[in-house]
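Residue numbering restarts at 1 for every chain, and letters A, B, ... go by the order of the sequence lines.
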Amino acid sequence: MLRTHTCGELRLSKNGKKVTLCGWVQKSRDLGGMTFIDIRDRYGITQLVFNMETNAGLCSNARKIGREFVICATGIVKERSNKNFNIPTGEIEIVVQEFKVLNKSEVPPFTIEEETDGGEELRMKYRYLDLRRNPVKKNIILRYEMAREVRKYLDLKEFIEIETPVLIKSTPEGARDFVVPSRLKAGEFYALPQSPQTFKQLLMISGFDKYFQLVKCFRDEDFRADRQPEFTQIDCEMSFVERDDILETFEGLAKHLFKKIRDFDYKDAFPRLPYNEALEKYGTDKPDTRFEMLIQDITELAKGKGFKVFDSVEYIGGICVKGGAEYSRKKLDALTDFVRKPQIGATGLVYVKLNNDGTVKSSVDKFFNREELDKWTGNMEGENGDILLVLAGDRKKTLYALSKLRLEMGKQLGLMDKNTFTPLWVVDFPLLEWDDESQRYHAMHHPFTSAIKDDFHLFKTDPGKIRANAYDLVINGVEIGGGSIRIHDKQKQAEMFRLLGFSPEEAENQFGFLMNAFKYGAPPHGGIAFGFDRWVTLFGGTDSIRDYIAFPKNTAGRDVMIDTPSVLSDEQLRELSLKVVNK
RNA sequence: GGUGGCGUAGUUCAGUUGGUUAGAAUGCCGGCCUGUCACGCCGGAGGUCGCGAGUUCGAGUCUCGUCGUCACCGCCA
C-alpha cells in the first residue's frame, strides 16, 4: 500500500506517529512562511503543514502544488495549535517530512466542494469529478448500502438472486423497447428487457419459489427528473402465495430498510387503500399521505342550484385548507392561475372563506346562500379560519387537478417534510384500461396480472370493471413499487390476451414460450418490483434520481460524458445489415 | 410530439426604452505574508454574448429559425 492511513481517520490518539497519506489536493493556503494543504480521499480531509523555517526546500515545492493534484505525503501526526472543530480530523495535522506528486491535474472546470459552482450540464460532462464531491459521493454510498440491505433481508428470507438475460425479445405491450440488431441474422433484432417479468414467471415454473434480482431495465420513452432510460429494479417473485403473503414479505423489506437506512422503527402495518378510494380522497393512485386535506365530493350539494358553471359539470369537489381564510385576493389569484395552467387543466377556482369571526365570504355568494355553503363546510369539515377550494368539471380531470392543488397547498404550508415517511399499499387496481386511441383495452399493470376472484363474472359483461389482484407500494406520493398475483392458467392467460385484442396467432408468436410453460405445471405465483433508483432518491431526500446514479443520462437520453448515442461507421452498419434513413 | 425557462469570462450570474470601451463575484496567473482552514492584501490575464438569418444608422438586448439544457404535458403495461 502506498498509504498507512486514510485522510479521514487520524485523531489526537495518533499524536507523534509517523504516517503516510495519499489523496487529492483539496486546497492549499500559502501564508508565505508556511503552507497548509488539505488532502482529500473518500474518507475525509486531513491538513498537511509545511514550514519555511524547518524545511525551506520542501515548503517551496509544496507551494507549487495545484488543486486536485494527487499526492503522497509522509510525516508526523501533531496536535494543532489552532484546532478546527468543523472537521473530524481538525485537532491534528501532518508535519510533512517528504512528499511526492503521484499525478498532476489541470485546473478542474468547477470547484470540488460541498457546494459546487458548477451547473448541471458541466457536472455531468465531468461526472468523475462531480463524484469526488461529498454530497454526490454520499448518495452513491447510500445506494450501495440500500442494495446491501435488500440482499441481506431477502437472503435471510431464503430468496435466491438469479440473473436473467439482457438480450431478449421485443413485445408489443407496454413501453417502447430499446432494440439491438442481430449481426448473424440480418433484419432481426433483440430487445432489452423493460423488466424480467416473463423470466421470473418461468423461474417459478422451474421451482425457484423465491427469486429476486437487482436488475437493469430499459424503456425507450421520454425521460424526467425521476425517469431514466436505464434504471434498476428490485425484482421479486414467489410461488404458492396469495396477495397478503407478498404484501407482508415486502412490507418486511420496507421496514428493514427504514430501520437500517433511516433508523426508523415502523411498527404498524402499512395502511391498505383501495384504488377507487385513493382516487376519491386524493385524486391520484399514488397519494401523499403525509398530510390529510382530503378531497370531498360536493357534487350533490352544489349542482342544480342555478350556478351555471356547476350545473353543467359531472363532478364538483374541493379541499379544505387550514388557516386559509386569511389568503389575500392576490394569493387566490395566484392559486387560480396555478389550477388553470395547461398541465393542471382546471377552468377556474371557487373559494369559500370561513372567517374567524364566523362570517363566510365566497366567490359564489350570488348563487349560494349561507345555509348551502354551510353544508359544503360540514362536508369538508371546515372550521373558522379555513378556506374551501372548489374545482368542477369532468370527474377524472377535476380529481387530477384537485390532487395537484392539494400537493401545491401541502408544499406551501410545509406539510411535506422530507424526513417523514408515510408508506401505504394501494390495492384493487382496475385490471384493464380503455384506450380511445387504439379502441381496445390495455392492461393497467401488465397482461399477466390475475383478476380478483369475485370479479371473474365480469369478463363477459363488463371487463372495464374487473379489479386486478395487483398492488402498489406508495411512499410520500412516490410509486416505489408494484406487482400482482399472476395468471398461472393457460386458459385464463389466453382469455386475457383475447381481451387485449391479441389474435391467438399473435399471442402464440409473442408469448408462446410462456403459454407452453403453463402446460407443464405452473404453480400459483405472484411478485413485485421496486424502482430502486426512486427508493434511494426518496431516502436520500432530494428530487432527481440522477443524483443517485453514478453515470446518469440527461432528459434526452444522452450521456454527455461519453457523448452517446453516436453514429456507427458504414462498416458496422453493413455488418448489421442496417441502413440509416434520414427522416 | 407539445408548452415554458435558461444559454454572456474557466465557473455562477448581472447587463436599463436597442446606443460609446460588455460588468461583478469566484476561480486562474504573478507578488507580499509564519497558524491558516471561505486565509488576507496588491496587481494581472481572461469574452465567437450558443449558432444562423432578419429588422435597424446601430443588436448581448427585438423577430424568426436552429442547437444544447432543465422542468412539465403527452408517453412511461
Colleague: What is the nucleic acid contact for A/P109, judged by heavy atoms within less than 4.0 Å: base, sugar-phosphate only, or nothing?
Modeller: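 Sugar-phosphate, backbone atoms only, no base.
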Colleague: Check each of A/W535, A/F231, A/F212 against A/F530 using the ring-ring contact (aromatic ring centres under 6.0 Å, His included) test, and report the only one that passes.
Modeller: A/W535
Colleague: Could you check which nucleotide pairs with B/G44 in any of the strands shown, counting Watson-Crick or G-U wobble with both distances under 3.5 Å?
Modeller: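 Paired with B/G44, as far as the under-3.5 Å criterion goes, is B/C28.
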Colleague: Could one point to a donor on the side chain of A/N554 or the base of B/G68 with an acceptor on the other under 3.5 Å away?
Modeller: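 A donor-acceptor contact between them is absent.
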Colleague: Paired with B/A71 by Watson-Crick or G-U wobble geometry, both distances under 3.5 Å: which nucleotide is it?
Modeller: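 Partner of B/A71: B/U3.
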Colleague: Can you tell me, in whole Å, how much space there is between the P of B/A9 and that of B/U61?
Modeller: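 The same atom, P, in both gives a distance of 15 Å.
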Colleague: Please determine, for B/A9, whether a Watson-Crick or G-U wobble partner exists with both distances under 3.5 Å, and give it or none.
Modeller: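 Across all strands, not a single nucleotide pairs with B/A9.
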Colleague: Establish, with yes or no, whether the OP1 or OP2 oxygen of B/A71 is under 4.0 angstrom from a side-chain nitrogen or oxygen of A/R546.
Modeller: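 Yes, such a contact exists.
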Colleague: Classify A/S195 by what it touches in the nucleic acid, base, sugar-phosphate, or nothing, heavy-atom distance under 4.0 Å.
Modeller: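 Base contact.
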Colleague: For the rings on A/F99 and A/F50, is their centre-to-centre separation under 6.0 Å?
Modeller: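 Between A/F50 and A/F99, which both carry aromatic rings, the centre distance is below 6.0 Å.
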Colleague: Please report the distance, rounded to the nearest Å, between CD in A/E221 and C1' in B/C75.
Modeller: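 The distance from CD of A/E221 to C1' of B/C75 comes to 5 Å, rounded to the nearest Å.
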Colleague: Atom CZ of A/R534 to atom P of B/C76: distance rounded to whole Å?
Modeller: 14 Å
Colleague: Between A/S438 and A/D435, is there a side-chain donor-acceptor contact under 3.5 Å, judged purely by atom types and distance?
Modeller: yes
Colleague: Step through it carefully: locate the ring centre of A/F497, locate the ring centre of A/F511, and say whether they are under 6.0 Å apart.
Modeller: yes
Colleague: So do the side chains of A/K125 and A/M561 get within less than 4.5 Å of each other, counting heavy atoms only?
Modeller: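 Of all side-chain heavy-atom pairs linking A/M561 with A/K125, none is under 4.5 Å.
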Colleague: Tell me which nucleotide, if any, is Watson-Crick or G-U wobble paired with B/U66 when both distances must be under 3.5 Å.
Modeller: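 Base-paired to B/G50.
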Colleague: Each nucleotide in nucleotides 34-46 of chain B should get exactly one letter: B, S or -. Can you fill that in based on protein heavy atoms under 4.0 Å?
Modeller: BBBBSB-------
Colleague: A/G119 near the nucleic acid: base, sugar-phosphate alone, or nothing, with a heavy-atom cut-off under 4.0 Å?
Modeller: sugar-phosphate
Colleague: Can you tell me, in whole Å, how much space there is between the C1' of B/G15 and that of B/U20?
Modeller: 16 Å
Colleague: Parallel, tilted or perpendicular for A/Y275 and A/F429, by the 30°/60° rule?
Modeller: tilted
Colleague: Using whole Å, what does the distance between atom P of nucleotide B/U12 and atom CG of A/D117 come to?
Modeller: 7 Å
Colleague: If you only use heavy atoms from C-beta on, which nucleotide in B/U69, B/C28, B/A71 is closest to the side chain of A/T555?
Modeller: B/A71
Colleague: Taking the nucleotide of RNA chain B with the closest heavy atom to each, which residue, A/M124 or A/P447, is nearer the 5' end?
Modeller: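 Here A/M124 is the residue nearer the 5' end.
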Colleague: Examine the base of B/G10 for any acceptor or donor lying under 3.5 Å from a partner atom in the side chain of A/R67, and report the outcome as yes or no.
Modeller: no
Colleague: Specify the separation, in whole Å, of atom CG of A/L122 and atom P of B/G50.
Modeller: 17 Å
Colleague: Do the side-chain N and O atoms of A/D30 and A/T35 include a donor-acceptor pair separated by under 3.5 angstrom?
Modeller: yes
Colleague: Can you tell me if A/R227 touches the phosphate of B/C75, counting only side-chain N or O atoms and a distance under 4.0 Å to OP1 or OP2?
Modeller: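 For B/C75, neither OP1 nor OP2 has a side-chain N or O of A/R227 closer than 4.0 Å.
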